[in-house]
Amino acid sequence: MAHTSFSIVLVFLLWCLTIAGGKKLLSEKSRSAITELAPASSDGICSSMVKTQGYTCEEHLVTTKDGYILNMPRIPVGRSKGKPCNRPPILLQHGLFMDGITWLLLPPEQSLAFLLADNGFDVWIANSRGTKYSRQHTSLPINSSDYWNWSWDELVSYDLPATFQYVQDQTGQKLHYVGHSQGTLVALAAFSKDQLLNMLRSAALLSPIAYVGQMTSPLATKAAENFVAETLYKLGIFEFDLKGGSVAKFLRDMCKSTAIDCTNLLTSFTGPNCCLSPSIVNIFLDHEPQSTATKNMIHLSQMIRQGTIAMFDYENAVENNEHYGQPSPPVYDMTKIPNDLPLFMSYGGADALSDVKDVKLLLESLKDHEGDKLVVQYRNDYAHADYVMGENAKQDVYEPLISFFKLQ
């Protein structure tokens, strides 16, 4: 029985790697976000992934209103240098169980972050709370349950506003936004609540995640239906860390004792990616996966089971009333996204996580969007990982995306 439960857990974790008994939510601190330039680090993203390719890079720290200290590298100019002044800023937001290195895995002539810098943009790379470079807090220790007491609701309420505000303050300009997987979910949720729009020029959403009730991964659905994340939370596992000893050992044991092809797990959970080279998968595994909160996993499970986009459900009318002033959690209404917000959206026919049927539900919510403000690209052969690691992504997705931004 224990092995069955842990196998479901592992499947669920691996699914989340590619996307992206309740403790109470942390109350919002009254202080403003704190910002600063981070000291140089030999193992930071700038030193390990950017400067080695001949690009200028700065490490910045942003403190959210609830006390999480986020690392945010900046690539202010392209490899040919030039003047950094007045370049339009752009913020890149990774997905779940990923970090900012997502945008730097491919060679410079293929990675989106480098391509944007070489095309005249001021590039800022977000690292969400709990990931390798964003594991500090003003008062909470990393190993405390309170540190991990959050779901993607808090990314909407705290992380995104802090990073948006910091970039605008540093550059004096509104910014463009690119999200992948969970990075699209948090943006769509914020836009639906009329948040961040006064700091935003346009947004590009790759493998958009909003509705997930029709996800085609049967293992992910089974994990949600079996309340695996909830069970782990009750067992006192507040941080999901695939690199942790117990999970890693179980993975090795499972690979030895089952028929699962552990050399091809990425494809098994993302769908059949068309354009990944073996070398890029190895580079990916050198840096990922990253941790997230068990509570976040519970939230995603709720979305799969219910097929809706709502805030975290405490599954108790009293607790929901305490947090939301109503017995059920508020819904993020995608129809409330402003019809004149410039959006670029690209989704793939082979994506097992951002399923075509779920994306069509999202597009139905956007049916009244102004025609010249919504660009929708469909790649029949693309799966989830192709959008950040595909060898053909430059010409298939990134070049149209850059053209879109230049028109805004």
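Each residue takes its place number in the sequence, starting with 1.
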When you check the side-chain N and O atoms of [X] and [Y], is any donor under 3.5 Å from an acceptor?
X      : Y      : answer
Tyr314 : Asn321 : no
Asn71  : Asn127 : yes
Asp99  : Gln290 : yes
Asn380 : Tyr378 : yes
Gln195 : Ser157 : no
Tyr211 : Asp355 : no
Asp66  : Thr64  : yes

Below 30° counts as parallel, above 60° as perpendicular, anything between as tilted: where do the rings of [X] and [Y] land?
X      : Y      : value
His299 : Phe312 : perpendicular
His176 : Phe121 : perpendicular
Tyr233 : Phe238 : perpendicular

Is any side-chain heavy atom of [Y] closer than 4.5 Å to one of [X]?
X      : Y      : result
Thr131 : His94  : yes
Leu200 : Phe164 : yes
Trp150 : Thr292 : yes
Val376 : Leu366 : no
Val50  : Pro73  : no
Leu196 : Tyr177 : no
Leu353 : Ser181 : no
Val331 : Thr308 : no

Check: residues 400-408 side-chain donor-acceptor pairs under 3.5 Å, at least two apart:
{"residue": "Ser403", "atom": "OG", "partner": "Glu399", "partner atom": "O", "Å": "3.1"}
{"residue": "Lys406", "atom": "NZ", "partner": "Asn119", "partner atom": "OD1", "Å": "3.2"}
{"residue": "Gln408", "atom": "NE2", "partner": "Phe404", "partner atom": "O", "Å": "3.1"}

To the closest 0.5 Å, what do you measure between OG (Ser354) and CG (Leu206)?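 Ser354 atom OG to Leu206 atom CG measures 10.0 Å (nearest 0.5 Å).
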Can you tell me how far the CD1 atom of Ile69 sits from the CZ atom of Arg129, to the nearest 0.5 Å?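 Ile69 CD1 to Arg129 CZ: 11.5 Å, rounded to 0.5 Å.
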Between [X] and [Y] (side chain of the first, backbone of the second, donor and acceptor by atom type, cut-off under 3.5 Å), is there such a pair?
X      : Y      : result
Ser48  : Gly44  : yes
His180 : His384 : yes
Asp194 : Ser192 : no
Glu58  : Pro76  : no
Asp381 : Cys274 : no
Trp103 : Phe114 : no

Where is the tightest heavy-atom contact between [X] and [Y], given as atom of each residue plus distance?
X      : Y      : result
Gln302 : Asp313 : NE2-O, 2.7 Å
Ala210 : Leu185 : CA-CD1, 4.1 Å
Ile280 : Leu105 : CD1-O, 3.1 Å
Pro89  : Arg201 : CD-NH2, 4.3 Å
Asn320 : Glu315 : ND2-N, 4.0 Å
Gln168 : Asn198 : NE2-O, 4.0 Å

Only one of Ser291, Ser301, Ser151 forms a side chain to side chain contact (heavy atoms under 4.5 Å, CB included) with Asn296, so which one is it?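 Among Ser291, Ser301, Ser151, the one that satisfies the side chain to side chain contact (heavy atoms under 4.5 Å, CB included) with Asn296 is Ser151.
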Start with the C-alpha distance between Gln214 and Lys360, add both sets of side-chain angles, then the distance that settles side chain to side chain contact (heavy atoms under 4.5 Å, CB included), and finish with yes or no. CA-CA 11 Å; Gln214 300 181 84; Lys360 286 184 176 179; over 6 Å; no
Would Gln170 and Asp122 satisfy side chain to side chain contact (heavy atoms under 4.5 Å, CB included), going step by step from the backbone distance to the final call? CA-CA 11 Å; Gln170 292 293 307; Asp122 180 1; over 6 Å; no
Would you mind checking if Glu154 and Lys295 are paired as a salt bridge, meaning a charged N to carboxylate O distance below 4.0 Å?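 Looking at Lys295 and Glu154, the cut-off is not met.
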Determine, step by step, whether Ile45 and Glu59 satisfy the side chain to side chain contact (heavy atoms under 4.5 Å, CB included) criterion, reporting the C-alpha distance in whole Å, the side-chain angles of both residues, the deciding distance to 0.1 Å, and the verdict. CA-CA 8 Å; Ile45 290 179; Glu59 300 269 4; 4.1 Å; yes
Could you walk me through whether Gln110 and Leu115 satisfy the side chain to side chain contact (heavy atoms under 4.5 Å, CB included) test, starting with their C-alpha distance in whole Å, then the side-chain angles of each, then the deciding distance to 0.1 Å, before giving a yes or no? CA-CA 7 Å; Gln110 295 176 312; Leu115 288 170; 5.6 Å; no
The single option from Tyr133, Tyr147, Tyr158 passing ring-ring contact (aromatic ring centres under 6.0 Å, His included) against Tyr68: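 Between Tyr68 and the candidates, ring-ring contact (aromatic ring centres under 6.0 Å, His included) is satisfied uniquely by Tyr147.
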Arg379 to Tyr387, cation-pi by 6.0 Å centre distance and 45° axis angle: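 No; the conditions do not both hold, so Arg379 does not lie above the ring face of Tyr387.
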Taking the six-membered ring for Trp, are Tyr347 and Tyr382 closer than 6.0 Å centroid to centroid?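 For Tyr347 and Tyr382, the ring centres are not under 6.0 Å apart.
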